[in-house]
J.: 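What follows is a structure written as structure tokens; I'll ask about it next.
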Amino acid sequence: MTAPANRAREILARLLKAHPNPRLALVYHNPLELLVAVILSAQCTDARVNEVTRTLFRKYRSARDYAEADPAELEADIRPTGFYRNKARLLIACCRKLVADFGGRVPDSLEAMLTLPGVGRKTANMVLGNAFGIPGIAVDTHVARVAQRLGLAASDDPEEIERALMQALPKQDWVTASNVLILHGRETCTARKPRCGECVLRDLCPWPGKTA
DNA sequence: CTCCCGATAT
DNA sequence: ATATCAGGAG
């Protein structure tokens, strides 16, 4: 058992004390809804995504509904999430592939997920972990920032951060770790004005930018 | 690397 | 004014 692994486990244990059973803030009821919500969440707060999906999910109930959607209408339906033209196009392309290649269902493997338009490693791991319970680290902006500040990852490359965290933590903790690191990044280890004074990891954190 | 893109925090 | 928000495609 390596020293970095122990440090990572201590960090995770402390974060879990503050956030027992961390869940995504995105509201969804099935894998497709989670996939759509995560695609919409790019460069957008989850609160805004939830506002949009509250009505969106009543209107689009299957992959086929998105696949056959009128682009302009879907754009209007998701506009407040930003990047609406891109996201509408990606959602339609993604769901057309779901219909064509996967029987309209969200696939449960990373390789298959990564063939979908609009789905990268972050989206794939988020959906696989939270909808299917498949172990993986979803490296979003929060996980990347927190991991770097804590010295859990040397590189700023998301894929290397993913590997570093996977190496440092037992597989059964990967999904929980992703979720709790995201919560910690949103609430405490924020990008701009981190609340180091309230941070439970303060004594473990080597980040030079640490504030009072 | 740029582009997509609206809303909010600082 | 500008950085940032659960990124990915070309």
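Proteins come first, then strands; the chains are lettered A, B, ... in the order of their sequence lines, and each starts at number 1. None of the values given here were measured: they were computed from a predicted structure.
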J.: For A:A37, which contact category applies under a 4.0 Å heavy-atom criterion: base, sugar-phosphate, or nothing?
T.: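 Nothing, no nucleic acid heavy atom in range.
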J.: So what does A:I39 touch, heavy atoms closer than 4.0 Å: a base, only the sugar-phosphate, or nothing?
T.: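 Result for A:I39 = nothing.
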J.: Rounding to an integer number of Å, can you tell me how far A:R79 CZ sits from B:dC4 P?
T.: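 For the pair A:R79 CZ and B:dC4 P, the rounded distance is 15 Å.
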J.: Check the geometry between A:F83 and B:dC5 and answer yes if their rings are stacked (centres below 5.5 Å, planes below 30°), otherwise no.
T.: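 No, A:F83 does not stack on the base of B:dC5, since the centre distance and plane angle fail the 5.5 Å and 30° test.
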J.: If I pick the P atom on C:dG10 and the same atom on B:dC5, what distance separates them, to the nearest angstrom?
T.: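 Those two atoms are separated by 14 Å.
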J.: Measure NZ/A:K87 against C1'/B:dC3 and give the value in whole Å, please.
T.: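 Spelled out: NZ on A:K87 to C1' on B:dC3 is 14 Å.
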J.: Between atom CZ in A:R85 and atom C1' in B:dG6, what is the gap in whole Å?
T.: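 So the CZ-C1' distance, A:R85 to B:dG6, works out to 13 Å.
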J.: NA contact type, A:R48, heavy-atom cut-off 4.0 Å: base, sugar-phosphate, or nothing?
T.: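 Since only primed, P, OP1 and OP2 atoms lie under 4.0 Å of A:R48, the category is sugar-phosphate.
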J.: Please answer whether the main-chain N or O of A:L204 pairs with a side-chain N or O of A:R7 as donor and acceptor at a distance below 3.5 Å.
T.: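 Side chain of A:R7 to backbone of A:L204: a pair is present.
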J.: Do the charged groups of A:K97 and A:D101 touch, with an N to O distance under 4.0 Å?
T.: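 Salt bridge flag = yes for A:D101 with A:K97.
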J.: Would you kindly give the CD-to-P distance between A:E51 and B:dA7, to the nearest whole Å?
T.: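 So the two atoms are 11 Å apart, to the nearest Å.
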J.: How would you label the contact of A:V49 with the nucleic acid (heavy atoms, under 4.0 Å): base, sugar-phosphate, or nothing?
T.: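 Since no nucleic acid heavy atom lies under 4.0 Å of A:V49, the category is nothing.
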J.: Assess, by modelled atom type and distance only, whether the side chains of A:N179 and A:N21 contain a donor and an acceptor separated by less than 3.5 Å.
T.: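 No, no side-chain donor-acceptor contact under 3.5 Å.
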J.: Would you kindly give the CE-to-C1' distance between A:M113 and C:dG7, to the nearest whole Å?
T.: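 Nearest whole value for this atom pair: 13 Å.
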J.: Among C:dG8, C:dC5, B:dT10, which is the nearest nucleotide to the side chain of A:K193?
T.: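 For A:K193, the side-chain atoms sit closest to B:dT10.
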J.: C:dG7, C:dA9, B:dC4: which one has an atom nearest the side-chain heavy atoms of A:L90?
T.: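 Closest nucleotide to the A:L90 side chain: C:dA9.
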J.: From CD1 of A:I78 over to C1' of B:dC4, roughly how many Å is that when rounded to an integer?
T.: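 About 12 Å, once rounded to whole Å.
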J.: Taking the basic N atoms (NZ, or NE/NH1/NH2) and the acidic carboxylate oxygens, is any pair closer than 4.0 Å for A:D173 and A:R9?
T.: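 Looking at A:R9 together with A:D173, the answer is no, because their closest N to O distance does not fall below 4.0 Å.
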J.: Quick check against the 3.5 Å criterion: does A:S41 have a side-chain atom that pairs as donor or acceptor with the backbone of A:C44?
T.: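 Such a contact is absent between A:S41 side chain and A:C44 backbone.
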J.: Between A:V38 and A:G118, which is nearer to the 5' end of DNA chain C once each is assigned its nearest nucleotide?
T.: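 Taking each residue's closest nucleotide, the earlier one in sequence belongs to A:V38.
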J.: What is the distance, rounded to the nearest whole Å, between atom CZ of A:R145 and atom P of C:dG7?
T.: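 Spelled out: CZ on A:R145 to P on C:dG7 is 10 Å.
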J.: Between A:R89 and C:dA9, is there a side-chain N or O to OP1/OP2 distance below 4.0 Å?
T.: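 It does not, given that no N or O in the side chain of A:R89 lies less than 4.0 Å from OP1 or OP2 of C:dA9.
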J.: Can you tell me, in whole Å, how much space there is between the P of B:dC4 and that of C:dA1?
T.: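 The answer is 22 Å between these two P atoms.
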J.: So if you build clusters from Ile, Leu, Val, Met, Phe, Trp, Tyr with side-chain heavy-atom gaps below 4.5 Å, do A:V38 and A:V175 land together?
T.: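 Unlinked, A:V38 and A:V175 end up in two clusters.
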J.: Do A:R192 and C:dA3 have a side chain to base donor-acceptor pair shorter than 3.5 Å?
T.: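 Yes.
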J.: Which nucleotide, B:dC4, C:dC5, C:dG7, lies nearest any side-chain atom of A:T123?
T.: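 Of all the options, the side chain of A:T123 is nearest to C:dG7.
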J.: Provide, to the nearest angstrom, the distance between the CD atom belonging to A:Q43 and the P atom belonging to B:dT8.
T.: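 It works out to 16 Å between those atoms.
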J.: May I ask you to verify if any side-chain N or O of A:Y84 is less than 4.0 angstrom from the OP1 or OP2 atom of B:dG6?
T.: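 A:Y84 to B:dG6 OP1/OP2: side-chain N or O found under 4.0 Å.
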